[in-house]
Amino acid sequence: MYTAHPDRYADMPYRRTGRSGLKLPALSLGLWHNFGPDRPVDIQRAILRRAFDLGVTHFDLANNYGPPPGAAESALGDALKADFAHHRDELIVSTKAGYLMWPGPYGEWGSRKYLLSSLDQSLGRLGLDYVDIFYSHRPDPETPLEETMGALHSAVQQGKALYVGVSNYSAEQTRDAARILAELGTPLLIHQPRYSMLDRRPEDEGLLDTLDELQVGSIAYSPLEQGLLTGRYLDGIPQDSRAASDSPFLSADTVTEDLVGRLRTLDAIAKSRGQSLAQLALAWVLRGGRVTSALIGASSPRQLEDSVAAIGNLDFTADELARIDAVVKE
């Protein structure tokens, strides 16, 4: 039987999410990969237990996480029942809907029909009465935003979600979503954008400025840029890496000689700070407190521990930031 570590809240920083009363751990565990029938259940359970013991109280999912779609929610549901039944009120569980889940015109995007049906299915797989955060996973170019935001509002009104968020929305779309939700009486809690040292679009396109203005929280996904910002690619492409597979998220063509050179320079900066490259990348996303939380994945408890160790040094000098920018933006 799992017994949670008594000092699990001793070291992890918790940051207030926008202007809400909700605090999130600086690092949250994303179940995008590594949680499905192709992974040993004991490893999955060990990762979740170790995460909670280290103060990672937020588990982030989406309806389509797996593979196959739905598998990650089912895996977490089993773990919640086996290990965390007495800790539900210490956990933040989030899920999303927006990408393809079932055949036909009602199986994806942002209609009221799809979002609320998907949430019911997610709750069934998770074995929960409610999730803490329910997201619109991507904007729907054909469904009126009023309908999509109205469905999120209904999820809160029905007691199936405590808070709502959006992911992959532009700054303008986020502003409109926040306005509609405010008119309905359900505030926009959080935005989940892709953001890393190598992907500065939330900065360049004004999203972070918009979130600051709206007092909406943020949680960055892919802060390690699909594994590029780890030590795996410092000598090229390992045979067992994501870039060497048929992954749609990272191709071998991405790992150029120029990129490898830049990664090595970033690794040298990390070493000068007493960090691994992954720890540097996570600390960079969290620098200054502008981002509420960063999502990490893990294939083992040891990998999780390495990522969480990033919280030991989240401060940067102006010179360090300038050196990083020089490497990335050159």
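- Between I296 and V308 there is a side-chain heavy-atom pair separated by less than 4.5 Å.
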Trace of the side-chain hydrogen bond (donor to acceptor under 3.5 Å, both in side chains) decision for Y221 with N168: CA-CA 10 Å; Y221 76 87; N168 299 307; 2.7 Å; yes

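- Taking CG from L263 and OG1 from T256, the interatomic distance works out to 8.5 Å, rounded to the nearest 0.5 Å.
- A distance-only check finds a donor-acceptor pair linking the side chain of E320 to the backbone of T317 [under 3.5 Å].
- Of all heavy-atom pairs spanning L188 and A178, the tightest one is CD2-CB, 3.9 Å.
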Which is it for I190 and Y135 under the side-chain contact (heavy atoms from CB on, under 4.5 Å) test, yes or no, and what are the steps along the way? CA-CA 9 Å; I190 194 167; Y135 288 87; 3.3 Å; yes

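- The shortest distance between side-chain heavy atoms of H58 and D132 does not fall below 4.5 Å.
- Using a 4.5 Å heavy-atom threshold, the side chains of D60 and I133 count as separate.
- Ring-centre distance between Y2 and F84: below the 6.0 Å cut-off.
- Separation of atoms CD (Q303) and OG1 (T230) is listed at 8.0 Å; rounding is to 0.5 Å.
- Atoms CD1 and CD, from I180 and E146 in turn, are 4.0 Å apart once rounded to the nearest 0.5 Å.
- Applying salt bridge (charged side-chain N to carboxylate O under 4.0 Å, His left out) to E203 and the options R287, R194, K329 leaves one that passes, R287.
- The minimum heavy-atom distance linking A151 with L116 is given by the pair O-CD2, 3.5 Å.
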Applying side-chain contact (heavy atoms from CB on, under 4.5 Å) to L184 and L152, what does each step give before you reach the verdict? CA-CA 10 Å; L184 293 170; L152 296 185; over 6 Å; no

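- Stacking of R273 on the aromatic ring of F316 is recorded, both the 6.0 Å distance cut-off and the 45° axial limit being met.
- Ring orientation note: the planes of W102 and Y114 are tilted relative to one another, at an angle of 30° to 60°.
- Under the side-chain contact (heavy atoms from CB on, under 4.5 Å) criterion, A281 pairs with M197, L224, L229, sequence neighbours left out.
- Remark: the backbone N or O of V216 is not paired with any side-chain donor or acceptor of H191 at under 3.5 angstrom.
- When every heavy atom of A270 is checked against every heavy atom of L280, the shortest pair comes out as CB-CB, 3.7 Å.
- Partners of R16 under the side-chain contact (heavy atoms from CB on, under 4.5 Å) rule, at least two apart in sequence or in another chain, are K23.
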Could you walk me through whether L76 and L126 pass the side-chain contact (heavy atoms from CB on, under 4.5 Å) test, one step at a time? CA-CA 6 Å; L76 181 60; L126 289 164; 3.9 Å; yes

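- D199 and P202 get closest at one heavy-atom pair: O-CD, 4.0 Å.
- Ring geometry for W284 against Y195 counts as tilted: the plane angle lies between 30° and 60°, on a 0 to 90° scale.
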For a salt bridge (Lys or Arg N to Asp or Glu O under 4.0 Å) check, start with the C-alpha distance between R262 and D258, then their side-chain angles and the critical distance, and finish with the verdict. CA-CA 6 Å; R262 295 184 189 210; D258 175 69; 3.0 Å; yes

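- Proximity of a side-chain donor or acceptor of R88 to a complementary backbone N or O of L91 within less than 3.5 Å is detected.
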